[in-house]
Number of protein chains: 2
Amino acid sequence: MSQYVEILKESGLKATFQRMTILAAIEGMGHASVDEIYEKVLESHPTLSLATVYKNIVAMVERAVLVEVPISGKKSKYELRKKEHLHLICTECGSVSDRPLDPTINEDTRKVAEDSSFELRDRQVNLYGLCGECRSAKAS
Amino acid sequence: MSQYVEILKESGLKATFQRMTILAAIEGMGHASVDEIYEKVLESHPTLSLATVYKNIVAMVERAVLVEVPISGKKSKYELRKKEHLHLICTECGSVSDRPLDPTINEDTRKVAEDSSFELRDRQVNLYGLCGECRSAKAS
DNA sequence: CTGGGTGCAAAGTATTTGCATGAAC
DNA sequence: GTTCATGCAAATACTTTGCACCCAG
């Protein structure tokens with residue numbers, strides 16, 4: 001929990017109990033939508049309001065404590081900022097999981113951007129399909 | 001315009017004037033949000049309702065006539081289904097443009113998916129940054 | 001203390017739905 | 001003619017905002 005205090009202060013945000021609860025919820029789930037975060041957070045802090053969740057997600061995305069992961073056909077999820085990775089997104093159950101991003105992708109995309117005089121700031125690589133569990137479930 | 005008739009029929013949708021107007025609007029803009037589509041469509045068909053735009057986007061995404069491009073921090077845009085490509089997304093002006101996707105990315109991601117028993121159905125590679133125009137505008 | 005943060009309730013947007021009418025096939 | 005689509009208005013869902021009170025620094 002205390003690791004969050006640093007992250008927040010470095011980002012110019014006060015380390016409130018609410019924010020730490022939100023960060024813990026997201027870290028616990030890996031990736032979560034506003035609703036999922038809200039539900040989770042209520043378990044340990046039943047008076048935390050939905051408005052506070054929204055305000056803090058906005059504030060923390062602004063300061064790059066959190067990263068938005070927009071998902072085709074679903075609501076965006078949020079994750080803690082971490083080193084570059086790609087997402088495996090299950091279109092069946094909605095689960096998202098991280099995998100390392102091959103460095104050649106960075107090089108390729110860097111070139112593409114350069115050739116287009118595009119100033120590259122960030123990459124999102126998302127793979128959609130069926131996760132192992134949902135595949136097994138379908139097969140049976 | 002008549003190309004759309006085929007696309008729609010093959011997808012099991014009636015070829016209404018509204019749908020063709022919507023498809024023409026999207027193709028004209030390349031990528032567009034619901035609002036942008038609605039505005040564009042009103043120019044040539046002022047009685048077309050927003051509800052119809054919504055219903056048709058849902059129907060056409062379901063049948064893969066359209067593809068949703070969810071964008072971090074903004075509303076999703078929609079594009080016609082076309083061969084694989086990546087997106088350069090300008091965080092300043094919101095423009096989206098397509099670039100070819102290096103085949104090595106396909107190979108890399110195929111492997112990642114395979115190693116995770118993930119049944120890969122689709123890829124989205126999005127690069128965020130500043131487009132050439134916005135860079136120039138900032139420099140001046 | 002003081003400024004930013006929280007919680008509530010209300011407002012503002014965005015999206016979906018039901019249903020009567022109308023158009024495609 | 002049937003079936004599916006449209007347009008309207010109403011309902012719902014989602015997100016933001018204003019403001020009085022509160023807490024971290």
Side-chain angles (χ1 to χ4, degrees), chain A residues 1-25 32-39 41-63 65-66 68-78 94, chain B residues 1-25 32-39 41-63 65-66 68-78 94:
Chain A
M1 216 53 187
S2 64
Q3 355 128 17
Y4 300 139
V5 176
E6 277 186 66
I7 300 180
L8 289 168
K9 292 204 175 157
E10 280 170 12
S11 309
L13 295 169
K14 285 188 181 172
T16 63
F17 182 59
Q18 288 85 339
R19 283 180 183 147
M20 302 208 267
T21 307
I22 291 170
L23 290 174
S33 65
V34 173
D35 292 347
E36 290 165 342
I37 295 167
Y38 182 51
E39 269 188 58
V41 134
L42 286 185
E43 293 174 11
S44 59
H45 191 167
T47 62
L48 203 160
S49 76
L50 182 56
T52 295
V53 173
Y54 273 109
K55 285 173 188 168
N56 281 317
I57 288 175
V58 171
M60 294 194 285
V61 167
E62 231 162 40
R63 320 226 172 175
V65 174
L66 294 182
E68 180 184 353
V69 183
I71 300 178
S72 203
K74 316 230 176 196
K75 299 212 289 171
S76 286
K77 298 208 173 203
Y78 297 85
Chain B
M1 220 43 189
S2 63
Q3 355 127 18
Y4 300 137
V5 176
E6 277 186 66
I7 300 179
L8 289 168
K9 293 204 175 156
E10 281 170 12
S11 309
L13 295 169
K14 284 186 180 173
T16 64
F17 182 59
Q18 287 85 341
R19 283 180 183 148
M20 303 208 267
T21 307
I22 291 170
L23 289 174
S33 66
V34 172
D35 293 346
E36 290 165 343
I37 295 166
Y38 182 53
E39 270 189 54
V41 133
L42 286 185
E43 293 175 11
S44 59
H45 191 167
T47 62
L48 203 160
S49 76
L50 181 55
T52 295
V53 173
Y54 273 108
K55 285 173 187 169
N56 281 317
I57 287 175
V58 171
M60 294 194 286
V61 167
E62 229 162 41
R63 322 228 170 173
V65 174
L66 294 181
E68 180 184 353
V69 183
I71 299 177
S72 203
K74 316 229 175 196
K75 297 213 289 173
S76 288
K77 298 207 173 204
Y78 297 86

Check your understanding: With sugar-phosphate meaning primed atoms plus P, OP1 and OP2, does B:Ala59 contact a base, only sugar-phosphate, or nothing at under 4.0 Å between heavy atoms?
Key -> nothing
Check your understanding: Does a nitrogen or oxygen in the side chain of A:Tyr54 sit under 4.0 Å from OP1 or OP2 of D:dT16?
Key -> no
Study note, to complete from the structure: Picking from D:dT16, C:dA14, D:dG7, the nucleotide nearest the side-chain atoms of A:Val58 would be D:dT16
Practice item. Figure out the OH/P separation between B:Tyr4 and D:dA5, and round it to whole Å. Key: 19 Å
Revision key, fill the gap. Between CG of B:Leu8 and P of D:dC4 the distance, given in whole Å, is 16 Å
Review point. With respect to the phosphate group of D:dT6, does any side-chain polar atom (N or O) of B:Asn56 fall under 4.0 Å of OP1 or OP2?
Key: yes
Review point. Does any N or O donor sit under 3.5 Å from an N or O acceptor when you compare the side chain of A:Lys55 with the base of C:dG7?
Key: yes
Review point. Taking only side-chain nitrogens and oxygens of A:Gln18, does any of them come within less than 4.0 Å of OP1 or OP2 of C:dG7?
Key: yes
**Study point:** Side-chain-base donor-acceptor pair under 3.5 Å for B:Lys14 and C:dG22
**Key:** no
Check your understanding: With respect to the phosphate group of C:dG7, does any side-chain polar atom (N or O) of A:Thr52 fall under 4.0 Å of OP1 or OP2?
Key -> yes
Check your understanding: Looking only at side-chain N and O atoms, does A:Thr16 come under 4.0 Å of OP1 or OP2 in C:dT6?
Key -> yes
Practice item. Report the distance from atom CG of A:Leu50 to atom C1' of D:dC14, rounded to the nearest whole Å. Key: 9 Å
Check your understanding: For C:dG7, does either OP1 or OP2 sit under 4.0 Å from a side-chain N or O belonging to A:Ser49?
Key -> yes
Practice item. Report yes or no: does A:Arg63 contribute a side-chain atom to a donor-acceptor pair with the main-chain N or O of A:Gly12 at less than 3.5 Å? Key: yes
**Study point:** Phosphate OP1/OP2 of C:dA24: any B:Arg19 side-chain N/O under 4.0 Å
**Key:** no
Review point. Under 4.0 Å: is that the gap between some side-chain N or O of A:Lys9 and OP1 or OP2 of D:dA24?
Key: no
Practice item. Measure from NE2 on A:His45 to C1' on D:dC22 and round the result to the nearest Å. Key: 12 Å
Check your understanding: Should B:Thr47 be listed as having a side-chain N or O under 4.0 Å from OP1 or OP2 of D:dT6?
Key -> no
Study note, to complete from the structure: From the candidates D:dT17, D:dT15, D:dA5, the one with an atom nearest any side-chain atom of B:Leu13 is D:dA5
